[in-house]
There are 2 protein chains.
Amino acid sequence: MPRRAMPEDGRPRPSTIRDVARHAGVSVATVSRILSGTYPSAPATRGKVMRAVRELDYVANAHARGLAGVRPKTVAIVVTSVVSPHYAHVAQGVQDQAAREGRLCIVGTTGGDPQRELATVRLLREEHAEAVILVGNMPADDAYRERMADYARALAVAGSRLVLCGRPPLGDDVPAIVVEYDNTGGAYAITSHLLSAGHRRILFLGRRTGYTTPESRIAGYRAALAAHRVPHDPALEVDSVVMDRRDGHRMMRERLDAGPRDFTAVFAGNDLIAAGARAALRERGLSVPGDVSLVGFDDLPPADDIDLTTVHVPHEELGRTAVRLALDTDTPGTSQHVMLGTHIVVRDSVRPNLEEPPSP
Amino acid sequence: MPRRAMPEDGRPRPSTIRDVARHAGVSVATVSRILSGTYPSAPATRGKVMRAVRELDYVANAHARGLAGVRPKTVAIVVTSVVSPHYAHVAQGVQDQAAREGRLCIVGTTGGDPQRELATVRLLREEHAEAVILVGNMPADDAYRERMADYARALAVAGSRLVLCGRPPLGDDVPAIVVEYDNTGGAYAITSHLLSAGHRRILFLGRRTGYTTPESRIAGYRAALAAHRVPHDPALEVDSVVMDRRDGHRMMRERLDAGPRDFTAVFAGNDLIAAGARAALRERGLSVPGDVSLVGFDDLPPADDIDLTTVHVPHEELGRTAVRLALDTDTPGTSQHVMLGTHIVVRDSVRPNLEEPPSP
DNA sequence: GTGAAAGCGCTAACAT
DNA sequence: ATGTTAGCGCTTTCAC
């Protein structure tokens, strides 16, 4: 049972560095130095201090330390939601690396609301975290760029590094680190996979103009079609608003109800959409991959559950890399740019197309 | 473009309350009072101050404020992992309520490792958060109780409230708020659901002795059997270690390979196990619910994807309630206890049992 | 209604 | 190798 200071009011208060100093018979400076471990000290003194620390159950006050000019050991991550697997896995990577480097992790959720994002970044500025990692999902318009640039400058003044995760760079004048992954390359690869299986009419589910991630993916889809000399039919690209399972189900259902099926394969903009589309196909008596081939993007649950061939995105590595780069003070540049690779994961949702012969 | 203090070294520093005071021609005390909004002040002064705040882009330093005796607006949550849907949903509830009440949220992950948990709680003590919410998954032995009691006392001294989420209370002498949900009731209800459909041999997948959550669930299972006067066969209870999809698959596969099938329905200890078991059943040519009925527990993804009848657990409400109770300083008691209800969600994974006639 | 000044607990010069 | 002391930026008495 630790002894602790107990003022007259009968409520114990946390031990302070002065309590420890007194208890050990040394000065507060000595205690501070020994605990920080960066100065030489006599073993005997060290022993006394450590014993006092233990007996008084002393832990430093993070706020006092922060005030005294030591950057708090904290990284922050801002996401739309922590239940979305995409964000959850990036957050997990951030947590991993943060814990490994002895940091605490502040997580903010915005629900996709710019107002809440703004409020969160404001609160984070107050905290003076070492890094603020934004895994936003905002349209990449000018307003967005400007907002990010504002964040970047304000955070830079407070000494925090801003990391943009999964989005393209903003420009060299903006002090932000960017960690993204190869959406276009992945989409190109998996579209080629379908083309190689003889599919020519590939429905793309989840076009979302103005949003960088879906746009990069559809760009890869189109590039692959072009490379294989397959005509590009804009009618095969379906717009989505929310990019979730429900929306995938809706898009597929509406498409099937609108007329005769004019595709043999489906490329869903993400695995959630793929899951919804698959359900809709089955409701209409179409099996995957028996009747229709289906691929997704992300390699997150429920991809494994539904045996979906998809593009693996290194979500956790994204988070880990973000933390690593932000905490790496050896590299002084505040505007690095890293692009992580993606690759296909083949499961059982694609079959060769037999409905029309492949072009010669 | 905000003007900001720019020392000789050419690196701007964040504006302080003194910069604002000078800029507005008032004292720092006045600025502090106006920003806290709890004191009367002349409208003219208020205007000057607010303008200065805007022009200097001032945000308060959370550490200075914390040091000066104001409890930081922060709640903390400690979970095993943020990718596990169970924890993610509770965390989402915590985030929701925290944001609603203007709080920042610190998230710590332990990976189930008591060492990391200890380290995390230590770091959180330094932060003096208003609340520390533990959503642990530890065996409920004496060592665990003692550890929790230690946390509780240490955090109480630092003025933080400890909330135990999804676990039974520790005792009145431990200053902790407990928010749990009705595992036994839910298990009782869904077992009754299977019994009403005529099932008598119900395989329970996921017994884990010493862990409160699985133990409460199996208790409900046994209670329902007893209430329906169905003999309890211990051979129908299968032990699990990790309680995940893979383990569900393994348990089901091993059971099916061990001999002739001696059950008509399966009660999986959670939805992940159910998903794994379902996959194993299908690999052996058994359909759900055609050949075997299957139910789970939690109502989390992938329950919806696989049309699983299961028990709904109010995960997000758990998190919201934890924050609400912890921040409710009107109720001074630090050892409240709340139990949230659970209920069945019927989907399409149960069929009446035809293999043997129900008892008369 | 506003100002002056005393800390909060810690770190980092500056002494010795 | 250790002690002394001046802040860090804010809130909050206590005066006026």
Side-chain angles (χ1 to χ4, degrees), chain A residues 4-5 7 11 13-50 52-53 56-73 123 125-128 157-159, chain B residues 4-5 7 11 13-50 52-53 56-73 123 125-128 157-159:
Chain A
R4 251 188 278 257
R11 246 207 314 279
R13 61 163 176 72
S15 311
T16 70
I17 197 171
R18 278 204 347 228
D19 298 328
V20 175
R22 195 164 354 172
H23 197 79
V26 298
S27 73
V28 293
T30 300
V31 176
S32 173
R33 285 193 274 247
I34 286 178
L35 291 181
S36 77
T38 51
Y39 289 77
S41 61
T45 319
R46 213 189 114 77
K48 280 191 298 186
V49 168
M50 296 315 279
V53 165
L56 298 179
D57 193 25
Y58 168 77
V59 296
N61 180 323
H63 304 295
R65 186 188 278 151
L67 232 206
V70 173
R71 191 150 284 292
K73 293 260 177 280
L123 281 175
R125 281 219 273 153
E126 300 187 356
E127 297 294 332
H128 292 240
V157 168
Chain B
R4 252 188 278 258
R11 245 207 315 277
R13 61 163 176 73
S15 311
T16 71
I17 197 172
R18 279 208 343 232
D19 298 328
V20 174
R22 195 164 357 178
H23 197 78
V26 298
S27 73
V28 294
T30 299
V31 176
S32 173
R33 286 194 272 247
I34 285 178
L35 290 182
S36 76
T38 50
Y39 288 77
S41 61
T45 320
R46 214 190 111 77
K48 280 191 297 184
V49 168
M50 297 314 279
V53 164
L56 297 179
D57 193 26
Y58 169 76
V59 295
N61 181 323
H63 304 294
R65 186 187 280 150
L67 231 205
V70 174
R71 190 149 286 290
K73 292 259 177 282
L123 281 175
R125 280 219 275 153
E126 301 187 356
E127 296 294 333
H128 292 241
V157 169

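Atoms considered below: every heavy atom in the structure, side chains included; atoms not considered: hydrogens, waters and symmetry mates. Treat the numbers as computed from the prediction; the structure is a model and nothing was measured. Throughout, a chain's letter reflects where its sequence line sits, starting with A, and its residues are numbered from 1.
Looking at the side chain of B:N61, the nearest of the listed nucleotides C:dC10, C:dA13, D:dC10 is D:dC10. The side chain of A:V70 approaches C:dT11 more closely than any other nucleotide in the set D:dG9, C:dT11, C:dG1. For B:A29, the side-chain atoms get nearest to C:dA5 when compared with the rest of C:dA5, C:dG1, D:dC10. In the set D:dA1, D:dG3, C:dG9, C:dG9 carries the atom at the smallest distance from any side-chain atom of A:L67. The side chain of A:S27 lies closest to D:dG3 when the candidates are D:dG9, C:dC10, D:dG3. Ranking C:dT2, C:dA12, C:dA5 by closeness to the B:S41 side chain, first place goes to C:dT2. The side chain of A:A68 approaches C:dG9 more closely than any other nucleotide in the set C:dC14, C:dG9, D:dC10. Side-chain atoms of A:I17 lie closest to C:dC10 of the nucleotides C:dG9, C:dA5, C:dC10.
Rounding to whole angstrom units, CZ of residue A:R46 and P of D:dT2 are separated by 12 Å. Atom CZ in A:R125 sits about 13 Å away from atom P in D:dC10, given to the nearest Å. Put simply, NE2 on A:H63 is 13 Å from C1' on D:dC10, counting in whole angstrom units. What separates OH of A:Y39 from P of D:dG3 is a distance of 15 Å, to the nearest Å. Here D:dC8 presents its C1' atom at 13 Å from CG of B:D19, a figure rounded to the nearest Å. Atom CZ of A:R71 is separated from atom C1' of D:dG9 by 15 Å (rounded to the nearest Å). The interatomic distance linking B:H128 (NE2) with C:dC10 (P) rounds to 8 Å, in whole Å. Rounded to an integer number of Å, the gap from CG of B:L35 to C1' of D:dT11 is 12 Å.
The side chain of A:S32 places an N or O atom within less than 4.0 Å of a non-bridging phosphate oxygen (OP1 or OP2) of C:dT11. At C:dG9, none of the side-chain N or O atoms of A:T16 fall inside 4.0 Å of OP1 or OP2 (strictly under the cut-off). Contact annotation: A:Y58 side-chain N/O to C:dC10 OP1/OP2 distance is under 4.0 Å. Distances shorter than 4.0 Å separate some side-chain N or O of B:T30 from OP1 or OP2 on C:dG3.
Residue whose closest nucleotide on DNA chain C sits further toward the 5' end, between B:G69 and B:T45: B:T45. Take the nearest nucleotide of DNA chain D for A:V28 and for A:A44: the residue whose nucleotide is more 5' is A:A44.
Taking 3.5 Å as the limit, the base of D:dG9 and the side chain of B:R13 contain no donor-acceptor pair of atoms between them.
Taking every heavy atom of both residues into account, A:I17 and A:Y58 meet most closely at N-CE1, 3.4 Å. Taking all atoms of both residues into account, the shortest heavy-atom contact from B:V28 to B:A21 is N-CB, 3.7 Å. In terms of heavy atoms, A:V31 sits closest to A:V49 at CG1-CG1, 4.2 Å.
Note that the CZ atom of A:R46 and the OG1 atom of A:T30 stand 13.0 Å from one another [nearest 0.5 Å].
A salt bridge links B:R65 with A:E126; the closest basic N to acidic carboxylate O contact falls under 4.0 Å.
Note: A:H128 and B:H63 have perpendicular aromatic rings, judged against thresholds of 30 and 60 degrees for the angle between ring planes.
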